[in-house]
Amino acid sequence: MKSSNINKFGMFKIREFNDEHTCSLKDRVYSQRQATNNLIGGIITTKLANHKRKYTPRDIMNDVKVDFGVDVTYSLAWRAKEKSVVSLRGTPSDSYEKLPSYLYTLDTTYPDSHIRMKKTEENEFLYLFISLFPFIKDFESCKPIIVVDGSHLKRTYNGTFVSASMLDGAENMCVVSDRNESIIKSVLRVYNVTPHYACI
């Protein structure tokens, strides 16, 4: 098709038109549809806004099939979810970079707190110690106790995040934890005469 402008208002005139097609009817009508992980990631972002919602790659595959009639592979759905999560929450390394400013805010908000972050020689995060002043004051009237808990880390960083809360230098204390076997063994090895209770 050839055309040219006929006035300053954007109107044009078709001067030549060739309706002969070189591709088959199937190719013209049923053109191949491709979904990239960027495209799918953008589509599913609203469904991942709630971090508590369980939205698996299999769910993504089903939704894309129902909503758009397109089949996507499990790996493409997984990559799309990763892209979407990064666009919503940033990367794990981005979060670790925010730790110093977060700790500064805590220290400013709660004076007389004890806050320390330990890094390796390679400047990698190792552990974090936070003892806020309101908690320190509350522990003064608390029975000596150690509360131990752990949370499994997923996604980029695997392992277990372990937290322990106690009155520093406590004597005649007891330990409270869940029924995790590793914690039980460690307590028996280090505090073999200390009562150990299970939390509910």
Side-chain angles (χ1 to χ4, degrees), residues 1-3 10 12 14 16-103 105-106 117-130 148-164 177-186 198-200:
M1 182 175 70
K2 293 182 180 180
S3 63
F12 60 91
I14 298 176
E16 183 178 336
F17 177 72
N18 182 357
D19 63 352
E20 182 180 349
H21 297 280
T22 56
C23 51
S24 67
L25 178 63
K26 179 181 177 181
D27 291 335
R28 282 185 279 131
V29 177
Y30 302 103
S31 58
Q32 184 179 4
R33 291 170 290 186
Q34 295 181 343
T36 64
N37 54 43
N38 285 326
L39 175 65
I40 301 300
I43 292 170
I44 65 173
T45 296
T46 56
K47 296 183 179 181
L48 290 167
N50 181 358
H51 69 279
K52 294 182 179 180
R53 178 180 181 182
K54 185 177 180 181
Y55 193 52
T56 67
R58 190 70 60 187
D59 295 330
I60 296 170
M61 294 169 65
N62 292 336
D63 286 352
V64 171
K65 178 65 174 178
V66 171
D67 295 342
F68 306 102
V70 177
D71 291 312
V72 296
T73 63
Y74 185 92
S75 61
L76 190 147
W78 184 85
R79 291 195 305 272
K81 181 178 178 181
E82 291 291 302
K83 293 257 186 182
S84 183
V85 169
V86 168
S87 70
L88 284 169
R89 302 182 185 94
T91 63
S93 58
D94 292 338
S95 298
Y96 279 106
E97 288 177 2
K98 295 177 181 177
L99 264 179
S101 59
Y102 172 73
L103 297 180
T105 303
L106 275 181
M117 181 169 64
K118 180 72 173 178
K119 296 182 179 180
T120 65
E121 293 181 358
E122 293 77 23
N123 200 35
E124 295 176 343
F125 175 82
L126 189 59
Y127 64 81
L128 177 64
F129 176 82
I130 299 177
V148 183
D149 197 7
S151 178
H152 294 288
L153 302 177
K154 300 178 180 179
R155 302 175 61 80
T156 304
Y157 302 101
N158 295 319
T160 304
F161 173 80
V162 178
S163 66
S177 73
D178 60 10
R179 295 176 179 82
N180 184 281
E181 292 183 8
S182 299
I183 295 176
I184 294 172
K185 290 178 181 177
S186 298
C199 61
I200 299 176

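Side-chain atoms are counted along with the backbone in the values below, which use heavy atoms only and exclude waters and symmetry mates. Because the structure is a prediction, the values reported are computed rather than measured.
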Q: Looking at Ala49 and Arg89, what are the two nearest heavy atoms and their distance?
A: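 So the two residues come closest at O-NH2, 3.7 Å.
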Q: Just verifying a value: how many Å separate Thr56 OG1 and Lys54 NZ, rounded to the nearest 0.5 Å?
A: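 It is 7.0 Å, given to the nearest 0.5 Å.
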Q: Of all heavy-atom pairs between Ala77 and Ile60, which one has the smallest distance, and what is that distance?
A: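 Answer, listing the atom of Ala77 first, then Ile60: O-CD1, 3.7 Å.
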Q: Could you report the tightest heavy-atom contact between Tyr55 and Lys47, atom names first, then the distance?
A: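 Where Tyr55 meets Lys47 most closely, the heavy atoms are OH-CD, 3.4 Å.
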Q: Under 3.5 Å, side chain of Ser186 to main-chain N/O of Ser182, donor-acceptor pair present?
A: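 Side chain of Ser186 to backbone of Ser182, a donor-acceptor pair under 3.5 Å: yes, one is there.
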Q: Got a sec, which residues hit salt bridge (charged side-chain N to carboxylate O under 4.0 Å, His left out) with Asp59, two or more places apart in sequence or on another chain?
A: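 Asp59: no salt bridge (charged side-chain N to carboxylate O under 4.0 Å, His left out) contacts found.
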Q: Within a strict 4.5 Å, meaning less than it, do heavy atoms of the Arg53 and Leu48 side chains meet?
A: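 No, side chains not in contact.
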Q: With a 6.0 Å cut-off (strictly less than), is the heavy-atom count around CZ of Arg58, excluding the residue itself, greater than 12?
A: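 Check fails, neighbour count at 12 or below.
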Q: Can you list the residues that meet the ring pair (Phe, Tyr, Trp, His ring centres under 6.0 Å) rule with Tyr74, with sequence neighbours excluded?
A: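 Counting only residues at least two positions away or on another chain, Tyr74 forms no ring pair (Phe, Tyr, Trp, His ring centres under 6.0 Å).
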Q: Would a 4.5 Å heavy-atom cut-off, applied to side chains only, mark Asp94 and Thr91 as touching?
A: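 With C-beta onward as the side chain, the pair touches.
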Q: Check whether any side-chain heavy atom of Asp63 sits under 4.5 Å from a side-chain heavy atom of Ile44, and report yes or no.
A: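 Side chain of Asp63 against side chain of Ile44, heavy atoms only: no contact under 4.5 Å found.
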Q: Would you please name every residue forming a side-chain hydrogen bond (donor to acceptor under 3.5 Å, both in side chains) with Tyr102, sequence neighbours left out?
A: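 Scan of Tyr102 (side-chain hydrogen bond (donor to acceptor under 3.5 Å, both in side chains), adjacent residues dropped) gives none.
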Q: Is Glu122 atom CD crowded by more than 12 heavy atoms from other residues, nucleotides or ligands, each under 6.0 Å away?
A: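 It does: Glu122 CD has more than 12 such atoms within range.
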Q: Counting C-beta onward and ignoring hydrogens, is there a side-chain heavy-atom pair between Ile43 and Asp67 closer than 4.5 Å?
A: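 No, too far: nothing below the 4.5 Å cut-off.
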Q: Please report the closest heavy-atom contact between Ile40 and Val64, naming both atoms and the distance.
A: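 Ile40 and Val64 have their closest heavy atoms at CD1-CG2, 3.8 Å.
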Q: Got a second to check how far Thr120's OG1 is from Lys118's NZ, nearest 0.5 Å?
A: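 Reported value, rounded in 0.5 Å steps: 9.5 Å.
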Q: For Met117 and Pro100, work out which heavy atoms get closest and say how close.
A: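 In this case the closest contact between Met117 and Pro100 is CE-CG, 4.1 Å.
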